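Beneath this line is the structure, given in structure tokens, with notes to follow.
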Amino acid sequence: MIDASTPLGRFWNGFRENRVAVAALAVVAAIVLVAVAAPLIAPQDPYDLGGLSLLDARRPPGHVGSGGYVHWLGTDAQGRDLLSAILYGLRISVQIGLLAGGVALAIGASLGVTAAYAGGIVETLVMRVVDLQLSFPAILLALVLVALLGQGKAQLVTALVAAQYAYFARTAYGAATAERRKDYIEAATATPLSRARVVFRHLLPNCMPPLIVVATVQIANSIALEATLSFLGLGLPVTEPSLGMLISNGFVYMMSGRYWISVYPGIALIVLIVAINLVGDQVRDQLNPRLHR
């Protein structure tokens, strides 16, 4: 049980008043759980190309394949079991979303609070670069970077971080600029503490509420960007099918009645992104002090 007298307890008591957000949080938790356990619960390893059979290609939901098990969601054009491919695709989406969002948060927040605290030429240089990057769509920057870096998880995460860290930097800068003028920062500055300690032990923790809200949004955006890049053929290699790649592979068969190849991965992607956004909306409302006056 969570102690209602603690900040976490008060946050949870307010959060659970929104049943839609609680349901969305349960969906996100369930998706993360099945994504982590994908190798244990998936009937097939979709990455094992040697275990695929073209005799099972494009089979409808409920088909019993050559492996002796039921393809509950059908198969794709390579003979992959769609249920297994979706579970592994969710695994990729969760991994890349959390990793890219976490690294972008760390880099962007550090740059933003440092610029706000240091001021002068550091502030001008950092924030002008951030403003310049924010003038371009994230998808455009991600496309260019992935095209330059090539395919692979590390390259994809690097491109997503570079395309999204500016959102965290701008948010952290705005919050830190307001906190910088408060008495506790002035008091910390007057003591023999290093600048790094003042920034990362005093200033940054008090800027976290808006950054947490942005993080939930950017994790969903990272998942959507990864799916978009994979749909365009610029994401992960074909040996690691993500949800975007599954949707792309089945798109050409939509008009021939084989809807399941694209529709089911698309539904899984939509459910994940919408659930994260619903949780993020409620987190934003809970951390907004204007709503609790």
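All values derive from a computational prediction rather than experimental measurement. Throughout, residue positions are numbered sequentially from 1 according to the sequence presented.
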Can you tell me if E179 and Y184 form a side-chain donor-acceptor pair at under 3.5 Å?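 A pair is found: one side chain offers a donor N or O, the other an acceptor, under 3.5 Å apart.
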Polar contact flag, side-chain donor to acceptor under 3.5 angstrom, Q218-S222: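 On atom types as modelled, these side chains do not qualify, holding no pair under 3.5 Å.
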Testing the basics here: between [X] and [Y], what is the closest heavy-atom pair and its distance to 0.1 Å?
{"X": "V94", "Y": "A35", "result": "CG2-CB, 4.3 Å"}
{"X": "I261", "Y": "A77", "result": "CD1-N, 4.4 Å"}
{"X": "A138", "Y": "A163", "result": "O-CB, 3.8 Å"}
{"X": "A115", "Y": "E123", "result": "O-CB, 3.3 Å"}
{"X": "L272", "Y": "S93", "result": "CD2-CB, 4.1 Å"}
{"X": "R10", "Y": "Q286", "result": "O-NE2, 4.4 Å"}

So, do [X] and [Y] sit near enough that their side-chain heavy atoms are less than 4.5 Å apart?
{"X": "F168", "Y": "L111", "value": "no"}
{"X": "Y173", "Y": "V130", "value": "no"}
{"X": "R91", "Y": "P39", "value": "yes"}
{"X": "N206", "Y": "I185", "value": "no"}
{"X": "L236", "Y": "K153", "value": "yes"}
{"X": "P43", "Y": "W72", "value": "no"}

Side-chain heavy atoms nearer than 4.5 Å, only ILVMFWY residues, links allowed to pass through others: does that put [X] and [Y] together?
{"X": "L141", "Y": "Y165", "answer": "no"}
{"X": "L149", "Y": "L234", "answer": "no"}
{"X": "I31", "Y": "L278", "answer": "no"}
{"X": "V271", "Y": "V274", "answer": "no"}
{"X": "V252", "Y": "M254", "answer": "yes"}

Evaluate T75 against H63 for side-chain contact (heavy atoms from CB on, under 4.5 Å), listing each step before the verdict. CA-CA 9 Å; T75 61; H63 172 75; 5.5 Å; no
Contacts of type side chain to side chain contact (heavy atoms under 4.5 Å, CB included), residue V199, not counting sequence neighbours: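 V113, T114, Y117.
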For [X], is the [atom1] atom crowded, meaning more than 12 foreign heavy atoms sit under 6.0 Å from it?
{"X": "Y69", "atom1": "OH", "result": "yes"}
{"X": "R128", "atom1": "CZ", "result": "yes"}
{"X": "F11", "atom1": "CZ", "result": "yes"}
{"X": "I121", "atom1": "CD1", "result": "no"}

Please check: side-chain N/O of [X] versus main-chain N/O of [Y], any donor-acceptor pairing under 3.5 Å?
{"X": "E226", "Y": "L243", "answer": "no"}
{"X": "R284", "Y": "V213", "answer": "no"}
{"X": "R58", "Y": "D76", "answer": "no"}
{"X": "S248", "Y": "G244", "answer": "no"}
{"X": "W260", "Y": "G250", "answer": "no"}
{"X": "T171", "Y": "L211", "answer": "no"}

Approximate separation, where rounding is to 0.5 Å, of [X] [atom1] and [Y] [atom2]:
{"X": "D81", "Y": "L52", "atom1": "CG", "atom2": "CG", "result": "10.0 Å"}
{"X": "L269", "Y": "L246", "atom1": "CG", "atom2": "CG", "result": "10.5 Å"}
{"X": "T216", "Y": "D281", "atom1": "OG1", "atom2": "CG", "result": "7.5 Å"}
{"X": "R201", "Y": "S194", "atom1": "CZ", "atom2": "OG", "result": "10.0 Å"}
{"X": "I96", "Y": "I219", "atom1": "CD1", "atom2": "CD1", "result": "13.0 Å"}
{"X": "S230", "Y": "N249", "atom1": "OG", "atom2": "CG", "result": "10.0 Å"}

I would like to know whether V217 and Y167 meet side-chain contact (heavy atoms from CB on, under 4.5 Å); could you show each step before the answer? CA-CA 10 Å; V217 175; Y167 297 97; over 6 Å; no
Starting from the C-alpha separation in whole Å, work towards a yes-or-no answer on side-chain contact (heavy atoms from CB on, under 4.5 Å) for Q164 and L225. CA-CA 10 Å; Q164 294 187 303; L225 279 174; 4.0 Å; yes
Applying side-chain contact (heavy atoms from CB on, under 4.5 Å) to V146 and Q155, what does each step give before you reach the verdict? CA-CA 7 Å; V146 169; Q155 294 89 331; over 6 Å; no
Among residues two or more places apart or on two chains, list those pairs meeting ring pair (Phe, Tyr, Trp, His ring centres under 6.0 Å) that have a residue in residues 197-250.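 Sorted result for residues 197-250: empty, none.
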